[in-house]
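Everything quoted here is computed from the prediction, not taken from an experiment. Residue numbers start at 1 and run along the sequence shown. In what follows, every heavy atom counts, from backbone to side chain, and hydrogens, waters and symmetry copies are set aside.
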Amino acid sequence: MPAKIPATVVTGFLGAGKTTLIRHMLQNAEGRRIALIINEFGDLGVDGDILKGCGDETCREEDVVELSNGCICCTVADDFIPTMEKLLARPDAPDHIVIETSGLALPQPLVRAFNWPGISTKVTVDGVVTVVDGKAVNDGQFAHNLAAIDAQRAADENLDHETPLSELFEDQIACADMIVVNKTDLLSDTETDTLTGKLKSDSRDGVQVVRASMGALPVDVLLGQGVGAESDLDARHEVHHHHHHDDDHDDDHHHDHEHEHGHDEFESFIVTRPEITDAKAFAEQVADVIRAHNILRLKGFAAVAGKPMRLTLQAVGPRVDTYFDGPLPGPRETRLVVIGEAGLDQTAITAALSA
């Protein structure tokens, strides 16, 4: 049976920077064919824009689908499922699907929809990414333009006008596998540390909280989380079950200027060591090092004494997967790529992985 296609759900309030994050991801897709499902992208100014600067192979016109019949979590059966079925039936199915929800949508109903009979055998939720406006949350108001959100709510009688934004925010955090604290360039280091610490303590165990500015996140960190969120719904409890509808003008108005912020917040390096003797013990060693140093991703190949096959090793946080996948090319050594936020102690990590 072919492997399920991974899908990443990107959620977060209006103006948090979801579109900027996705634009950056497409421009750095590294050859992955990514299909994009956007809730109301006509208003985001990204339909033509988002496709600029990424190769025709990775994001073509037909790979971007707009769902404009209202909030995605209210139109799952009529809108979302048929769209997914169509996408999955294509002879050139995408390598990865990214779904951007509108700003007040709840991620939980969308994740639940991945258990529908028509799609459950073909696609899985790789992870739920919640983008947070670091400056707004630090100021206690969750979104930088509260008037715009109030206007959205007032314009639609189906919308729940009563629930405080703080509860909607809690739902988005409760469902997240990764929380991206965006716009950290508008905060001091102390404010950023305090906010990321609080979000980490407010979220489930194992949820990665990363900081970013201009939505610049390495694609290897954003995609490939391998969570299978649709099988884990009980852990992602909703504070309430109201449905919401909004038109998301994800307007990073003071962040639209193009400057090469790049991946200053992230770094990666390679650790090379001799062959290992015990694959299982090494996987446990790697998990311990990841926990001790807050490593986001680790991947590579190991030579195992007495085995002609190479051991492939992939870790998302402390969850380490290993399997033998083919003959070992080149010398009998172990090469691991370590990815994390800037400031990793490379010397200590290299020593711990080489021990």
Can any side-chain N or O of Asn182 pair as donor or acceptor with the backbone N or O of Val132 at less than 3.5 Å? no
Would you mind reporting whether Ile339 and Phe269 have side-chain heavy atoms less than 4.5 Å apart? no
Does Arg310 reach the side chain of Asp325, with side-chain heavy atoms less than 4.5 Å apart? yes
Check whether any side-chain heavy atom of Glu267 lies under 4.5 Å from a side-chain heavy atom of Glu341, and answer yes or no. no
Rounded to the nearest 0.5 angstrom, the CD-CD1 distance for Glu170 and Ile173 is 9.5 Å
CG (Leu222) and CG (Leu21) are apart, to the nearest 0.5 Å, by 5.0 Å
Looking at CD of Gln314 and CZ of Arg297, how far apart are the two atoms once the value is rounded to the nearest 0.5 Å? 10.5 Å
d(Ile276 CD1, Leu313 CG) to nearest 0.5 Å is 7.5 Å
Rounded to the nearest 0.5 Å, what separates atom OG in Ser203 from atom CE in Met178? 11.5 Å
Do Asp95 and Arg32 sit within salt-bridge range, that is, some charged N less than 4.0 Å from a carboxylate O? no
Answer yes or no: is there a donor N or O on one side and an acceptor on the other, between the side chain of Arg33 and the main chain of Asp92, under 3.5 Å? yes
Under 3.5 Å, side chain of Glu85 to main-chain N/O of Ile119, donor-acceptor pair present? no
Flag side-chain contact, heavy atom, 4.5 Å: Phe169 against Val137: yes
Would you say Arg204's side chain and Ala174's backbone share a donor-acceptor pair under 3.5 angstrom? yes
Out of Leu26, Ile22, Thr8, which residue meets the side-chain contact (heavy atoms from CB on, under 4.5 Å) rule with Ile34? Leu26
How many angstroms lie between CD in Glu30 and CG in Leu223, if you round to the nearest 0.5 Å? 9.5 Å
Which pair of heavy atoms, one from Leu217 and one from Ala212, lies closest together, and at what distance? CD1-CB, 4.4 Å
Look only at the side chain of Glu191 and the backbone of Lys135, and say whether a donor-acceptor pair between them is shorter than 3.5 Å. no
Applying side-chain hydrogen bond (donor to acceptor under 3.5 Å, both in side chains), name anything that partners Asp193, two or more places apart in sequence or on another chain. Arg211
I'd like to know if the side chain of Asp177 reaches the main chain of Val207, judged simply by a donor and an acceptor atom lying under 3.5 Å from each other, with no hydrogens or angles considered. no
Check Val131, Val128, Ile179, Thr11 against Gln172 for a side-chain contact (heavy atoms from CB on, under 4.5 Å) and give me the one that passes. Thr11
So which pairs with a foot in residues 328-338 pass side chain to side chain donor-acceptor pair (under 3.5 Å), sequence neighbours left out? Glu275-Arg332
Is a side-chain N or O of Gln27 found less than 3.5 angstrom from the main chain of His24, in a donor-acceptor match? no
Checking Ser120 against Asn115: is there a side-chain donor and acceptor pair closer than 3.5 Å? no
